[in-house]
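Numbering starts at 1 and runs along the sequence shown. Just the heavy atoms: all of them, side chains too, but no hydrogens, waters or symmetry mates, feed the values below. Whatever order the structure lists them in is the order used to number ligands and atoms, beginning at 1.
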Amino acid sequence: MKILVTGGTGFIGSHTVVELQARGFEVIIVDNLSNSSIDVVDNIARITGVRPLFKKFDLMDPVTTAAFFQKQSDLKAIIHFAAFKAVGESVKLPLKYYRNNLDSLINILQGMINNSIENMVFSSSCTVYGQPEQLPVKEDAPVQKALSPYGNTKQISEEIITDVSITANVKSILLRYFNPIGAHESAMIGELPLGIPDNLVPYITQTAIGKRDYLRVWGNDYPTPDGTAIRDYIHVVDLARAHVIALERMLNNQMRKNVEIFNLGTGKGCSVMEVINSFEKVSGMKLNYRIMERRPGDIMKVWADTEFANRELGWKAEKGLDDMTLSAWNWEKALAAKS
Ligand code: UD1
């Protein structure tokens, strides 16, 4: 069965391609390599023994995208990752985000409709919940006004997909990720942040390897047990597995309605200090960090209610925080060894 993975050379996309190939799916990756490297295709081939097909083009381009879909009309499903994801940059350059994340989605949905491709798994985010009133957060918690254009593109994308599925023959599973971290155990694929990372774990590993002077901990005066903010960190390989399970649910006609939403997290909140402590434990290093003011736009705490995903998908995150920080550290060391 042929599956299109957009953004398949990116962080979550590449891990998902590995899991798809392990389950025997034939994968075609489309990526414009704006935030990833072509080497990822080789590394996927090294891990799995199978080289996915790769096409480089921009899904924002309606003509190229339409021609691609016409040629690939035997696709069974699309897992759509390709999008910009830097929250801070999206505040500075909102049109870049709206144009890229929404035009590409619209072009893909048009391609699906024109070529009778029925199934889409979409990469969404827990950012749609903002600071939820109730924790753990369930899928039916209210979507709150987005705090950034990036977050807004995820909300609008969910709405576009839902609207399309009312009249077109399109089924979708929207996966709301909590905080994906870690890397494949082979240390051959992982997160490759462009420039200075915004996210916690790449910043920690880059500090430890000597690329950054110190980690800035954004606030330790939150009303949480140790004062630092809490997130639900999930291992990227657990997340990747969930995509394959969601895809099989679709292809086996097990969906209960045309659009389904699942939270993908571990159900356990960890503070910034707990992540640092875990990193220090698995690496045997002391991390250089300083406590700073809170980062504007950050929420205090969020973690997933995983009951629905556990029950309906039969999926559960298996890896703990130490697995996540250790695999991220091994990946950073492998990158340093290459350069
Ligand atoms: C946010 C979004 C998420 C989005 C992701 C993409 C929310 C709830 N989440 O994740 O949807 O996909 O960005 O980038 O809006 N921290 C530090 N120092 C650092 C970096 C981070 O202390 O140098 C802290 C943050 O304050 C936060 C935690 O670490 O408490 C995690 O931050 P980060 O990795 O940036 O992810 P989110 O902001 O949760």
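Protein heavy atom in closest approach to atom 27 (C) of ligand 1: Arg231 NH2, 3.8 Å. Nearest protein heavy-atom neighbour of atom 15 (O) of ligand 1: Thr127 OG1, 3.2 Å. Here the protein heavy atom with the shortest distance to atom 22 (O) of ligand 1 is Trp218 N, 2.9 Å. From the protein, the heavy atom lying nearest to atom 26 (O) of ligand 1 is Asp298 OD2, 2.5 Å. In terms of protein heavy-atom proximity, atom 33 (P) of ligand 1 is nearest to Asn199 ND2, 3.4 Å.
Taking 4.0 Å as the cut-off between side-chain N and carboxylate O, Glu307 and Arg311 count as a salt-bridged pair. No salt bridge links Glu260 with Lys171; every basic N to acidic carboxylate O contact stays at or beyond 4.0 Å.
Distances between N or O atoms of Tyr203 and those of ligand 1 include no value under 3.5 Å. Considering backbone and side-chain atoms alike, Leu200 places an N or O below 3.5 Å from some N or O of ligand 1.
Evaluation of the ring-ring contact (aromatic ring centres under 6.0 Å, His included) test over residues 314-338, restricted to residues two or more places apart or in two chains, returns Phe279-Trp329. The side chain to side chain donor-acceptor pair (under 3.5 Å) pairs that include a residue from residues 137-148 are Lys138-Asp305, where partners are two or more places apart or lie in different chains.
Annotation: cation-pi pair Arg216/Tyr289 absent, no NZ/CZ under 6.0 Å from the ring centroid and within 45° of its normal. Cation-pi geometry between Lys96 and Phe84 is met: under 6.0 angstrom from the ring centre, within 45 degrees of the axis.
Less than 4.0 angstrom separates some heavy atom of Ser125 from each of these atoms of ligand 1: 3 (C), 11 (O). Of all the atoms in ligand 1, the ones that sit under 4.0 Å from a non-hydrogen atom of Asn179 are 10 (O), 36 (O), 37 (P), 39 (O). Within the listing of ligand 1, atoms 20 (C), 21 (C), 35 (O) sit less than 4.0 angstrom from a heavy atom of Asp198. For ligand 1, the atoms lying closer than 4.0 Å to a non-hydrogen atom of Lys85 are 6 (C), 14 (O). Atoms of ligand 1 found under 4.0 Å from any heavy atom of Val217 (numbered from 1 in listed order, with element): 22 (O). Near Ala229, meaning under 4.0 Å from one of its heavy atoms, ligand 1 places the atoms 30 (O). Every atom of ligand 1 is numbered from 1 in the order shown, and the set under 4.0 Å from a heavy atom of Leu215 is 18 (N), 19 (C), 23 (O). Close approach of ligand 1 to Ile299 (heavy-atom distance below 4.0 Å) involves ligand atoms 8 (C).
Residues Phe69 and Ile78 are in side-chain contact: their nearest non-hydrogen atoms beyond the backbone lie under 4.5 Å apart.
Under the 3.5 Å distance criterion, the side-chain polar atoms of Gln21 are left unmatched by any main-chain donor or acceptor of Val27.
Atoms CG and CE, on Leu251 and Met1 in that order, are 5.0 Å from each other to the nearest 0.5 Å.
Heavy atoms of Tyr233 approach ligand 1 to within less than 4.0 angstrom.
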As a quick check of understanding, evaluate side chain to side chain donor-acceptor pair (under 3.5 Å) for His80 and Ser123, giving each step before the final call. CA-CA 6 Å; His80 179 39; Ser123 175; over 6 Å; no
Could you walk me through whether Val272 and Leu200 pass the side-chain contact (heavy atoms from CB on, under 4.5 Å) check? CA-CA 8 Å; Val272 175; Leu200 178 63; 4.0 Å; yes
Asn101 and Thr153: side chain to side chain donor-acceptor pair (under 3.5 Å), yes or no, with the steps? CA-CA 6 Å; Asn101 293 4; Thr153 66; 3.1 Å; yes
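Counting heavy atoms under 4.0 Å from ligand 1, residue Tyr150 touches it through the side chain alone. Here Val87 has side-chain heavy atoms under 4.0 Å from ligand 1, and that is the only part of it that gets that close.
Nearest to atom 38 (O) of ligand 1 by heavy-atom distance, out of Gln206, Arg295, Arg216, is Arg295. Across Val272, Ile12, Thr224, heavy-atom proximity to atom 24 (C) of ligand 1 is greatest for Val272.
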